[in-house]
Amino acid sequence: MAAAAAAPAPASSEEAIKAAKVLMVGAGGIGCELLKTLALSGFSDIHVIDLDTIEVSNLNRQFLFRKSHVGQSKAHVARDAILKFRPNINIKSHHANVKDAKFNVDFFKQFNVVLNGLDNLDARRHVNRLCLAAEVPLVESGTTGFLGQVTVHVKGKTECYECQPKPVPKSYPVCTITSTPSKFVHCIVWAKELLFAKLFGDKNQDNDLNVHSKDGSSSKLDVFERDVDEDLDQYAQRIYDHVFGYNIEVALENEETWKNRRRPNPVYIRDTLPDAVKQNGSSQDCSNDHEEPSAMASLGLTNPQEIWTLAENSRVLLEAFKLFFEKREKEIGNLVFDKDDQLAVEFVTAAANIRAHSFGIPLHSLFEAKGVAGNIVHAVATTNAIIAGLIVIEAIKVLRNDYKNYRMTYCLEHPTRKLLLLPVEPFEPNKSCYVCSETPLLLDVNTKVTKLKEVIDKIIKSKLGMNLPLVMIGSTLVFEDGDGLEEDEAANYALNLEKVLAELPAPVINGTKITVEDFQQELSCSINIKHREEFDEEKEPDGMVLSGWSAPVEKQINSNGENKSAASSSSVHATDDTAEDPSKPGMKRKLDELLETKEKCDASSSAQVVEDDEDCTMLDGNPALIKKKRLQ
């Protein structure tokens with residue numbers, strides 16, 4: 001009897017499943033497969049959270065959705081689809097952001113296990129912290145094409161999701177993007193982050209495009225400004241000649257640059273489209289206001305996988321330019337590139353191809369260019385299904401408290417040691433992890449010139465991932481974010497934001513200890529301040545350096561990527577893996593196997609960086625290069 005009372009887990013998997021209450025976060029590619037597998041495995045109490053709505057592009061692999069569901073909530077439609085063949089189970093769907101205040105620690109405490117099928121690092125970190133605070137086990141997952149992984153995170157027993165560094169998109173030197181592109185991805189970044197942003201985005205944003213006209217005596221400070229009496233065709237052609245013609249000529253003036261490089265060729269509209277100087281290049285008017293404006297539709301181009309000629313790219317660019325001003329003029333000034341914005345993708349594809357032509361880089365189709373610009377990996381439904389099955393297997397182990405048999409499993413594209421699925425024992429918590437081990441951090445900063453606002457934006461929110469931070473220096477509260485603040489409190493905190501650290505109500509100097517908390521995540525950490533006068537502008541662009549946290553590592557070119565902008569880092573150091581160091585303190589055992597697959601990323605493919613598509617979720621590390629992990 002005593003032995004039975006001491007047993008912490010149900011006697012069988014069936015009992016564990018029957019008694020479990022499960023939270024599933026994400027109802028996309030992995031989520032559809034996971035919800036189906038949970039239902040068919042006997043789980044009968046499931047909550048589903050997903051913010052997204054269904055798009056046409058989801059239908060080829062997110063099998064719970066149909067064309068009639070486009071525009072509807074993924075969570076709600078997934079629930080309804082499952083209940084059609086499992087009507088007796090309880091599924092509660094939430095069309096909401098998991099970071100909403102209602103999904104707090106108390107909400108998480110009602111569940112026996114949380115299963116993640118998310119598509120971004122920020123939400124993953126948020127869920128990880130809530131699971132730690134609620135002491136609820138978390139099963140993480142991710143897929144990228146043929147690659148996938150499932151990891152288990154249990155407070156006090158295994159490392160948390162943030163114990164190891166996570167991948168971030170690769171960044172490119174500004175000079176490469178603006179002056180010496182050598183890959184198509186460089187042209188895409190230029191077209192998306194510079195040209196598109198300059199023409200249609202926030203006019204106040206810094207931009208590295210040359211805005212000075214050929215006529216040095218011109219009173220116009222910015223060539224991108226439209227003259228009052230200038231018609232749209234003239235404006236579009238002038239911009240075309242400036243960015244593809246004149247700016248290339250300016251670049252060619254620096255002979256040193258081209259000693260060991262292929263010299264680019266300026267491209268002018270009079271050469272590519274002689275008739276465009278006299279008339280508009282479009283073949284028909286996109287007159288249906290109810291249809292999404294499309295340069296391809298206006299020009300009669302129907303195949304997105306066809307590589308356009310230079311002339312066709314030029315026509316698409318001019319037509320897209322005009323359609324933005326004719327059909328979407330109210331949005332100009334506030335637009336940000338979106339891979340689901342057809343007209344934006346057309347413009348960026350055409351601009352990137354014209355620039356690629358100038359620099360002797362192979363042109364790409366719209367389908368390929370969209371994959372690069374939108375950081376998309378084309379999902380493999382089978383991978384999602386495999387990963388969903390592995391999630392459920394690990395969830396059952398967690399529910400049975402079968403700790404000794406927990407596994408992190410990696411799905412590979414090509415066999416390694418005759419295996420496509422590599423199971424690895426979880427690591428113990430990283431004792432230097434500021435999230436789960438509460439280890440103090442160290443911040444090198446010039447306390448005499450750095451403002452509190454810079455520390456909050458660049459360190460506390462960006463690097464530490466806190467959403468609603470509270471900052472204390474000793475017993476003095478200098479900043480708090482969130483709703484419910486009194487008007488005078490909010491005004492006082494706003495004043496503190498603009499003060500340098502040394503001039504705060506409780507001055508921050510060398511040796512000061514700052515406490516930072518996020519009540520929503522129930523996370524608290526300490527930051528020790530080290531005053532430093534000088535920083536390397538290239539290697540330390542933030543003007544401050546945070547030590548003691550798992551700094552993200554950059555990913556190599558691959559067939560995916562996220563997010564919306566190329567980082568402005570002045571240098572790029574891509575790494576092949578983010579593997580854990582088994583020799584560090586806190587590891588339960590030394591792992592002596594070195595596993596390496598020969599999977600290489602095809603740099604010429606339609607791809608950018610491994611990050612997040614809508615259902616191709618980011619991998620913690622490249623499973624093709626798992627280092628120092630022992631096979632079980």
Closest non-hydrogen atom pair between [X] and [Y], with its separation:
X	Y	result
Ala19	Asn112	O-OD1, 3.8 Å
Arg400	Ala16	CG-CB, 3.8 Å
Val336	Phe196	C-CE2, 4.0 Å
Ser93	Arg79	OG-CD, 3.5 Å
Val478	Pro505	CG1-CD, 4.5 Å
Ser73	His95	OG-ND1, 3.2 Å

Is there a donor-acceptor contact under 3.5 Å linking the side chains of [X] and [Y]?
X	Y	answer
His153	Glu140	no
Lys99	Asn467	yes
Thr447	His531	yes
His186	Thr176	no
Asp402	Asn405	yes

Take a 6.0 Å sphere around CD of Glu487 and say whether it holds more than 12 heavy atoms from other residues, nucleotides or ligands.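 No - once you tally the heavy atoms of other residues, nucleotides and ligands closer than 6.0 Å, there are 12 at most.
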Does a sphere of radius 6.0 Å around NZ in Lys530 hold more than 12 heavy atoms from other residues, nucleotides or ligands, not counting ones at 6.0 Å or beyond?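 Result for NZ/Lys530: open.
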Stepwise, does the side-chain contact (heavy atoms from CB on, under 4.5 Å) test hold for Glu425 with Met408? CA-CA 6 Å; Glu425 278 191 44; Met408 302 186 295; over 6 Å; no
Please round to the nearest 0.5 Å and tell me the distance separating atom [atom1] of [X] and atom [atom2] of [Y].
X	Y	atom1	atom2	value
Asp45	Asn90	CG	CG	5.0 Å
Leu468	Ile460	CG	CD1	12.5 Å
Phe224	Leu199	CZ	CG	5.5 Å
Lys461	Lys453	NZ	NZ	8.5 Å
Tyr434	Lys463	OH	NZ	11.0 Å
Phe111	Leu23	CZ	CG	4.5 Å

Criterion ring pair (Phe, Tyr, Trp, His ring centres under 6.0 Å) on Phe107 and His94, from CA distance to verdict: CA-CA 13 Å; Phe107 174 83; His94 306 266; 5.8 Å; yes
Side chains of Phe103 and Val25, heavy atoms from C-beta outward: is any pair under 4.5 Å?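 Phe103 vs Val25: side chains apart.
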Using a strict threshold of under 4.0 Å (side-chain N to carboxylate O), is an ion pair present between [Y] and [X]?
X	Y	result
Arg129	Glu162	yes
Glu540	Arg532	yes
Arg328	Glu331	yes

Check for me whether Lys397 meets the cation-pi criterion with Tyr406, that is, NZ or CZ under 6.0 Å from the six-membered ring centre and within 45 degrees of the ring axis.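 No, Lys397 does not sit over the ring of Tyr406.
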For the pair Thr158 (side chain) and Val152 (backbone), establish whether a donor and an acceptor sit closer than 3.5 Å, ignoring hydrogens and angles.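 Yes; judged by distance alone, with no hydrogens or angles, the pair exists.
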As a quick check of understanding, evaluate salt bridge (Lys or Arg N to Asp or Glu O under 4.0 Å) for Glu394 and Arg407, giving each step before the final call. CA-CA 7 Å; Glu394 294 306 318; Arg407 293 292 181 269; over 6 Å; no
